[in-house]
Amino acid sequence: MAHHEHQHSTAADDATQLEMLDLDAEVLHEHLAEITASLRELAAPPVRRVLDLGSGSGTGTFALLDGFEAATAIAVDASEPMLAHLAEKAAARGVGDRVRTVQADLDESFPRLDGPIDLAWASASMHHLSDPARVLSEVFAALRPGGLLAVAELEGFPRFLPDDLGFGRPGFEQRCHDLLAAKRAEHLPHISADWRTLLAEAGFTVAADRTFDIHLSAPLPAATARYAEVTLRRMHPFLAARLDADDVATLDTLLADGPGGVLHRDDLAVRTTRTFLAATRP
Ligand SMILES: C[S@@+](CC[C@H](N)C(=O)[O-])C[C@H]1O[C@@H](n2cnc3c(N)ncnc32)[C@H](O)[C@@H]1O
């Protein structure tokens with residue numbers, strides 16, 4: 001059986017992931033706005049019913065509701081806490097009546113939807129699935145002819161630190177990312193899937209395929225330091241068991257509330273690569 005993060009997560013893990021997803025939305029707000037704008041150009045109207053697969057805390061759901069003002073959204077996720085948080089946010093934003101949450105494990109079955117979908121969205125969720133090709137076929141069947149599917153993917157956690165960081169030994173963050181990449185390759189084999197080919201094999205016509213090399217430097221969005229801190233905290237248990245003693249000390253310093261901690265540093269940046277594909281059901 002394939003490994004899935006949601007099957008092994010604890011309540012504390014869920015809370016950290018939730019916080020991380022919300023901070024990702026805040027820090028990468030401009031990128032998300034650019035993607036939403038391109039969806040408005042690519043999607044054939046009318047867009048009334050949107051589907052967010054692996055919605056998490058609702059970043060895509062809310063971006064789509066903002067971008068398509070006549071639409072309602074169905075947010076699907078395996079995680080109850082994510083969906084509860086999303087529903088709370090929807091109410092707080094005054095769009096509670098435009099969102100329906102559906103708890104479903106897409107590895108087990110595709111949810112029953114009460115009618116065809118105009119626009120489906122799957123951001124950083126397809127790579128978690130044990131059989132993304134099967135789910136893509138199910139999304140294809142759920143869309144109306146002319147409907148659009150957007151797939152956003154990422155290589156992993158963003159990077160925040162200068163390359164020369166590492167007490168006495170530069171390259172601390174690179175060493176962390178090398179360990180995480182090896183873990184992902186083992187547990188998330190679809191992280192580097194060829195989405196363009198998988199979409200075509202499911203019957204879609206690819207309408208957009210873009211890679212964004214995002215590099216934010218000062219002035220950074222206000223949430224950046226917290227995003228860096230939560231990201232490192234989430235990586236900590238895995239890395240602390242594998243890094244050498246000097247690097248563990250660096251990690252602990254970065255997470256401590258002192259001058260070397262990420263919350264107080266003035267040399268942070270945000271670097272991440274995101275891919276975005278949009279494909280239509282002919
Ligand atoms: C990295 S998060 C991305 C969340 C959101 N789409 C975003 O971009 O912020 C991946 C989400 O996929 C969900 N997920 C993973 N495997 C799933 C499955 N088999 N069925 C349904 N949801 C799943 C997780 O619970 C998590 O909320």
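As the structure is a prediction and not an experimental result, all values here were calculated from the model. Every number for a ligand or one of its atoms is a count from 1 in the order of the listing.
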Which of the numbered atoms in ligand 1 are below 4.0 angstrom from a heavy atom of Asp107?
19 (N)
Counting each atom of ligand 1 from 1 as listed, which ones have a heavy atom of His128 under 4.0 Å away?
1 (C), 10 (C), 15 (C), 16 (N)
For a quick check under 3.5 Å, do Arg274 and Thr272 share a side-chain donor-acceptor pair by atom type?
yes
Please work out whether any backbone atom (N, CA, C, O) or any side-chain heavy atom from C-beta onward of Leu129 is under 4.0 Å from ligand 1, and answer side chain, backbone, both or neither.
side chain
Here the atoms of ligand 1 under 4.0 Å from any heavy atom belonging to Ala104 are 20 (N), 21 (C)
Under 4.0 Å from ligand 1, counting heavy atoms only, is it the side chain of Ser57, its backbone, both or neither?
neither
Below 4.0 angstrom from a heavy atom of Ser125, which ligand 1 atoms are there? Numbered from 1 as shown, please.
12 (O)
Proximal ligand 1 atoms for Ser55, defined as those under 4.0 Å from one of its heavy atoms:
4 (C), 5 (C), 6 (N)
Judged by modelled atom types alone, do Asp194 and Thr197 share a side-chain donor-acceptor pair under 3.5 Å?
yes
If we number the atoms of ligand 1 from 1 as shown, the ones under 4.0 Å from a heavy atom of Gln17 are 1 (C), 2 (S)
Starting from the C-alpha separation in whole Å, work towards a yes-or-no answer on side-chain contact (heavy atoms from CB on, under 4.5 Å) for Phe140 and Leu149.
CA-CA 8 Å; Phe140 186 88; Leu149 165 64; over 6 Å; no
Testing Asp246, Asp164, Asp247 one by one against Arg169 for a salt bridge (Lys or Arg N to Asp or Glu O under 4.0 Å), which residue passes?
Asp247
Heavy atoms, side chains only, cut-off 4.5 Å: are Met235 and Leu180 in contact?
yes
Of Thr61, Asp77, Asp105, which has the heavy atom at the shortest distance from atom 27 (O) of ligand 1?
Asp77
Pull out every atom of ligand 1 sitting under 4.0 Å from any heavy atom of Thr59, numbered as shown with elements.
9 (O)
Look only at interatomic distance and state if Leu21 has a nitrogen or oxygen under 3.5 Å from any nitrogen or oxygen of ligand 1.
no
Is there a polar contact between ligand 1 and Leu53, counting only N or O atoms under 3.5 Å apart?
no
Can you sort out which atoms of ligand 1 are near Gly56, meaning under 4.0 Å from one of its heavy atoms?
4 (C), 27 (O)
Charged N-O contact under 4.0 Å between Asp178 and Arg242
no
Would Thr273 and Phe212 count as a side-chain contact (heavy atoms from CB on, under 4.5 Å) if you check the C-alpha gap in whole Å, the side-chain angles of each, and the deciding distance to 0.1 Å?
CA-CA 6 Å; Thr273 301; Phe212 295 84; over 6 Å; no
Do His190 and Asp131 have side-chain atoms, one donor and one acceptor, less than 3.5 Å apart?
no
For the side-chain hydrogen bond (donor to acceptor under 3.5 Å, both in side chains) test, which of Asp118, Asp114, Thr72 pairs with Arg49?
Asp114
